[in-house]
Structures are given as structure tokens and as C-alpha cells.
Amino acid sequence: MTSAQSTNRDSTLAPAYQSFLQQLAAIPPGRVCTYGVLAQLAGQARGARLIARWLSHLPADTRLPWHRVINARGQLSLDKNSDSGREQYQRLLAEGIIARNGRIDLAQVGWPRAYFTSL
DNA sequence: CAAATGACGGGGT
DNA sequence: AACCCCGCCATTT
């Protein structure tokens with residue numbers, strides 16, 4: 001039983017899931033990616049919601065940087081009053097991703113760079 | 001099988 | 001900025 005199977009019943013998505021795990025693990029500290037871009041990188045061009053789903057199902061003790069994935073509007077999608085929402089905010093704060101104005105500038109900290117430099 | 005559900009995205013008001 | 005609306009798509013109800 002692979003982790004992909006535990007999250008998906010559709011085996012056709014297994015390759016995409018593996019790619020997703022790789023791309024997620026590759027986001028460096030101090031940078032963030034979006035659900036949509038992560039979906040593209042995993043070969044699911046219109047699968048932003050799928051990425052969100054996969055992230056929400058990661059084991060609670062995962063070492064993967066789930067907190068470095070935010071929405072295309074440069075905001076955190078988790079409820080800021082939830083435990084995980086606060087956790088994500090604190091982690092991003094610690095990585096210096098929250099700008100002085102309190103916002104996240106994707107053009108500056110978006111990853112991979114090629115997807116955000118033209119913003 | 002139909003309808004609802006998301007850690008979404010793009011466009012419009 | 002703050003909403004709203006609709007398209008998206010695997011999964012769940």
C-alpha cells in the first residue's frame with residue numbers, strides 16, 4: 001500500500017501524486033508555491049483543488065513543507081483561527097515569507113521562480 | 001445516478 | 001479591498 005493509494009483510489013493519478021510529493025519537497029525554505037502551479041508541475045493543469053485535497057490528507061507528522069503552499073492570491077487558504085492555520089502562519093513568519101506589510105509577495109518569494117518572475 | 005463538497009483560480013462588480 | 005459567480009475535478013454523500 002503506497003501513500004498514493006491511501007490518498008487516491010484512481011491509480012491513473014499515482015504518477016501525478018508522486019510528482020506532487022517531489023515538487024512539494026523541493027520548495028526551499030523562504031519560498032512558497034501555489035496550489036495551481038503545483039498542480040501544473042504534477043501534470044494536472046486544472047487540478048488545484050486536487051492538490052489542496054492531497055495536502056489536507058498528508059499525515060499530521062509529515063516532514064514535507066506543506067506550509068509553503070498558498071493560494072494564487074498570495075494568501076493562506078487555511079482558517080487563520082484553526083490550529084493548522086496558526087501553525088502555517090508561524091512557520092512562514094519564521095522563514096521570513098511574510099513581508100513587512102503583512103502580505104506575501106509571490107513575485108518575490110514564489111517558487112519555482114519561472115512561474116512568478118513575470119508577475 | 002444526482003448533488004454536494006473542497007487548504008482553488010480567474011474574472012467581474 | 002471585499003464580495004460574488006462560475007468553471008474545474010476527484011471524492012463523498
Side-chain angles (χ1 to χ4, degrees):
Chain A
M1 161 90 90
T2 69
S3 53
Q5 290 172 320
S6 68
T7 357
N8 286 309
R9 294 183 180 187
D10 182 355
S11 60
T12 67
L13 288 178
Y17 186 74
Q18 292 307 313
S19 180
F20 150 71
L21 292 178
Q22 272 212 50
Q23 298 299 331
L24 174 60
I27 305 172
R31 308 237 102 136
V32 293
C33 190
T34 62
Y35 301 94
V37 169
L38 213 42
Q40 284 194 59
L41 294 174
Q44 295 298 301
R46 273 141 257 139
R49 304 190 92 132
L50 184 57
I51 296 301
R53 182 163 209 288
W54 285 344
L55 283 169
S56 71
H57 289 200
L58 286 174
D61 62 353
T62 183
R63 306 267 242 124
L64 292 169
W66 57 268
H67 60 285
R68 298 187 190 127
V69 185
I70 67 177
N71 66 39
R73 294 171 182 141
Q75 309 165 292
L76 309 198
S77 285
L78 285 85
D79 177 3
K80 67 185 277 193
N81 294 317
S82 69
D83 288 345
S84 51
R86 281 187 290 273
E87 175 69 16
Q88 181 178 31
Y89 183 78
Q90 288 306 318
R91 289 195 190 189
L92 294 181
L93 197 58
E95 292 185 8
I97 283 176
I98 314 291
R100 277 213 301 284
N101 58 17
R103 312 198 310 115
I104 297 174
D105 182 2
L106 282 176
Q108 184 178 289
V109 300
W111 181 270
R113 300 304 300 133
Y115 287 80
F116 302 96
T117 47
S118 59
L119 297 183

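Just so we're clear, the structure is a prediction, and the values are computed from it rather than from any experiment. Here is the naming used below: chain letters follow the sequence lines, and residue numbers restart at 1 for every chain.
In this entry the distance linking CD1 of A:Ile27 with P of B:dA7 reads 18 Å, nearest Å. Between the C1' atom of B:dG9 and the CD1 atom of A:Ile70 lies a distance of 14 Å, rounded to the nearest Å. Whole-Å rounding puts the A:Lys80 NZ to B:dA7 C1' distance at 16 Å. Between the P atom of C:dC9 and the CZ atom of A:Phe20 lies a distance of 18 Å, rounded to the nearest Å. Between the OH atom of A:Tyr17 and the P atom of C:dA10 there is a distance of 16 Å, rounded to whole Å. One interatomic measurement links the two molecules: NE2 of A:His57 to P of C:dA10, which rounds to 15 Å at whole-angstrom precision. Spacing between atom CZ of A:Arg49 and atom C1' of B:dG9 amounts to 9 Å, rounded to whole angstrom units. Rounded to whole Å, the distance from CD1 on A:Ile51 to P on C:dT11 is 12 Å.
Remark: side-chain polar atoms of A:Asn71 are paired, donor with acceptor, to backbone N or O of A:Gly74 under 3.5 angstrom.
With B:dA7, C:dC9, C:dA10 as the candidates, the nucleotide lying closest to the side chain of A:Arg46 is C:dC9. For A:Leu78, the listed nucleotide lying nearest its side chain is B:dA7; candidates were B:dC8, B:dA7, C:dT11. In this structure, of C:dT11, B:dG9, B:dA7, it is B:dG9 that holds the atom nearest to the side chain of A:Arg73. Here C:dT12 is the nucleotide among B:dG10, C:dT12, C:dA10 with the atom lying nearest to any side-chain atom of A:Arg53.
For the pair A:Arg91 and A:Glu87, the salt-bridge criterion is met [side-chain N within less than 4.0 Å of a carboxylate O]. Taking the charged nitrogens against the carboxylate oxygens, A:Glu95 and A:Arg31 have no contact shorter than 4.0 Å, which rules out a salt bridge.
Mapping A:Val37 and A:Leu50 onto DNA chain B by nearest heavy atom places A:Leu50 closer to the 5' end of the strand.
Among the heavy atoms of the strands lying under 4.0 Å from A:Gly36 are primed sugar atoms or P, OP1, OP2 only; no base atom is included.
Taking the six-membered ring where the residue is Trp, A:Phe20 and A:Trp54 present tilted rings, their angle falling between 30° and 60°.
Between A:His67 and A:Gln90, the side chains place no donor N or O within less than 3.5 Å of an acceptor N or O (distance only, hydrogens not considered).
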